[in-house]
Amino acid sequence: MALLQIAEPGQSSAPHEHRVAIGIDLGTTHSLVATVRSGQAKVLQDEHGRVLLPSIVHYAKEQNAYGEEAKPFVTRDPKNTIVSVKRFMGRSKADIKFQHPYELVGADNEMPAFQTNAGPKTPVEISADILKQLKLRAEDSIQQPITGAVITVPAYFDEAQRQATRDAAQLAGLNVLRLLNEPTAAAVAYGLDQETNLSTDRNYVIYDLGGGTFDVSILRFSQGVFEVLATGGHTALGGDDLDRLIVKWAKKQLNLDELDDAEHAHFMVTARKAKEQLSEQAQVQLHLLDQVITLNRPTFESIIQVALERTITVCKRVLRDAKLELSDIQNVVLVGGSTRSYAVQNVVAEVFQQEPLCTINPDEVVAIGAAITANQLVGNSQDGSLLLDVTPLSLGLETMGGLVERLISRNTAIPVARRQEFTTYQDGQSAMLIHVVQGERDLVEHCRSLGRFVLRGIPPMTAGQARIEVTFQVDADGLLAVSARETTSGVEAHIDIKPSYGLSDTDMERLLLEGFQHAEEDKQLRHLQETKVEAQRELEALTQALKTDANLLNDTQLSELQQAQQKLADQLQGQDLQAIEQAVNQLKVHSDAFAALRMNRHIDHALKGTKLDDWSNSTSE
Ligand code: ADP
Ligand code: MG
């Protein structure tokens with residue numbers, strides 16, 4: 001495969017030198033760090049023996065608190081205690097539409113900052129503070145300089161979110177070897193990239209049910225290469241929802257309608273504890289408002305069925321996206337704390353008709369895989385496979401009529417480069433606007449604009465003659481570069497798209513869903529737009545022709561032609577495809593006759609020209 005080699009910064013090393021690299025799972029609720037020691041990947045503990053660092057920072061005038069120490073401030077001082085900062089990464093202020101208790105400052109289209117007692121803090125700075133804690137932990141525990149880090153990100157993270165993560169790591173003083181997709185890291189942790197039988201492709205499902213999010217990815221391992229075939233998920237579906245379902249059930253058992261805030265908080269904590277205990281024992285007792293109720297595994301399973309079914313629907317959609325059948329899936333990997341529940345394991349086993357892999361602690365599996373990859377990248381291991389990622393949404397550009405021409409479709413493995421030729425719309429057109437968009441719909445207005453640039457200096461030519469090559473290139477980190485080149489003159493222009501803000505998860509889900517829902521409607525709209533563009537082009541050509549050759553027509557012919565022209569121009573103002581097609585056909589009757597007359601005149605000219613000029617030239621000599 002031609003794509004196999006990618007040079008990593010700092011990868012080449014002397015054979016006997018052992019470099020230490022770390023893997024970091026920078027999670028929404030928890031973060032952790034791991035490294036490979038004596039050939040074994042291990043998660044690293046803090047001085048209290050804790051592995052999971054809650055992704056929480058409390059900012060204060062005097063001394064900030066991190067992780068477990070910051071936790072008590074979540075209720076005591078919510079405005080200055082930032083939780084789930086990952087949801088804010090790579091977003092502009094205007095993109096942040098979910099609820100949160102914070103005061104954000106900054107312009108709408110910029111990265112916002114949280115107003116805290118320690119001053120304004122951007123999501124990148126806050127993530128950097130979390131990463132610094134993990135870096136300190138790693139330095140204490142390894143006692144050797146750290147060469148670099150692999151940091152995991154969700155597979156659906158867009159360019160802006162990846163860039164923000166990279167920036168945070170740099171700010172924390174980490175040398176980023178690579179950003180790695182979380183599902184890919186999980187697969188690596190289970191050694192699924194160590195498959196030696198190269199003749200068969202293997203497909204894996206990574207099912208990640210965390211605290212507040214659900215992600216499912218399908219990976220293909222083929223000829224030593226990992227590739228993410230498809231991803232899907234829910235941005236608001238996780239362990240917290242299971243807790244809520246238990247609370248709802250408990251209220252019903254106790255005949256309660258309303259709970260006050262304190263009671264609700266108590267119910268949620270109790271429900272969570274009960275849920276976690278059910279992973280160890282067959283039944284638990286819930287002590288709620290001086291009453292005791294018993295919850296057993298089968299009841300729990302039926303209570304949370306509604307949430308589990310939503311995850312299954314997503315799994316099925318992703319399988320379809322990847323064009324795979326159940327029998328094509330070799331393994332299912334469980335990731336995320338919530339997959340410790342037997343109910344979750346059971347439903348996954350049932351749906352995929354096989355026992356999922358869950359022997360590695362599901363909280364730690366991503367960090368473990370990141371550590372193994374980091375170790376490979378600094379050259380301590382010979383078996384480095386190339387890990388490919390995918391584009392989360394289709395990428396394309398705007399063509400006439402506000403239509404999208406897709407160059408790279410979603411779920412394409414990256415790095416990837418695609419080239420397509422475009423041409424000019426008008427005679428003598430000397431510039432072209434390249435408008436880059438992201439999304440699944442056919443009309444530009446329904447997609448997200450990523451950026452635009454102008455290619456200037458196109459030599460004057462008749463419409464449709466210029467050849468403009470547009471190249472889309474997505475690198476291994478998911479950053480997009482678009483270039484345009486006119487082939488005869490070689491003039492070029494390009495744009496690197498690293499927007500300072502990204503798409504919110506909900507926006508992305510919306511764009512995807514709309515793409516599915518509106519497929520038929522889009523097809524018709526596209527047909528309408530294409531017909532209109534073509535008709536407009538004919539009208540313009542006709543106007544040009546009339547300027548020089550109108551005298552070929554008698555008065556009746558001319559007025560009939562002009563009437564048909566006007567009729568079409570009128571119809572083009574509307575959206576009635578049939579009426580437009582009819583007007584085109586009517587105009588054609590007249591314009592074809594006109595074209596025939598023009599053709600004759602041109603042939604006459606040409607013949608006369610040959611005779612007169614050539615003869616006179618040769619005879620005069
Ligand atoms: P995230 O990836 O979103 O940061 P985690 O992967 O850490 O989240 O998962 C947190 C969720 O896992 C919480 O809802 C928590 O209640 C749940 N969880 C943790 N331990 C268990 C357990 N033993 N059984 C069931 N659920 C658990
Ligand atoms: Mg997670």
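We count ligands from 1, going down the list as the structure has it; atoms in each ligand are counted the same way.
- Two residues are said to be in side-chain contact when any heavy atoms from C-beta on lie closer than 4.5 Å; R202 and L192 fail this criterion.
- Side chain to side chain, H58 and D77 meet the donor-acceptor criterion of an N or O pair below 3.5 Å.
- Listed by number with element, the atoms of ligand 1 under 4.0 angstrom from any heavy atom of K275 are 14 (O), 15 (C), 16 (O), 17 (C), 26 (N).
- Atom 27 (C) of ligand 1 has its nearest heavy-atom neighbour, among P362, S84, G337, in G337.
- Every N/O-N/O distance between D243 and ligand 1 stays at or above 3.5 Å.
- Annotation: salt bridge (charged side-chain N to carboxylate O under 4.0 Å, His left out) contacts of E309 (sequence neighbours excluded): none.
- Between V344 and L308 the shortest side-chain heavy-atom distance falls below 4.5 Å.
- Residue contact check: S338 has heavy atoms under 4.0 Å from atoms 11 (C), 12 (O), 14 (O), 17 (C), 26 (N) of ligand 1.
- Contact atoms of ligand 1 toward S279: 22 (C), 23 (N), 24 (N), 25 (C) (distance under 4.0 Å to a heavy atom of the residue).
- Every atom of ligand 1 with a heavy atom of H30 under 4.0 Å away is listed here by number and element: 4 (O), 7 (O).
- Taking every heavy atom of G336 and a limit of under 4.0 angstrom, the matching atoms of ligand 1 come to 6 (O).
- If you check the side chains of S84 and T28, you find no donor sitting under 3.5 Å from an acceptor.
- Between E125 and T122, the side chains place a donor N or O and an acceptor N or O closer than 3.5 Å (distance only, hydrogens not considered).
- Between G210 and ligand 1, not a single N/O pair is under 3.5 Å apart.
- Nearest heavy-atom pair across N181 and A155 is OD1-CA, 3.3 Å.
- At least one heavy atom of S341 sits closer than 4.0 Å to an atom of ligand 1.
- The closest non-hydrogen atom to atom 13 (C) of ligand 1, taken over R272, E280, E182, E364, comes from R272.
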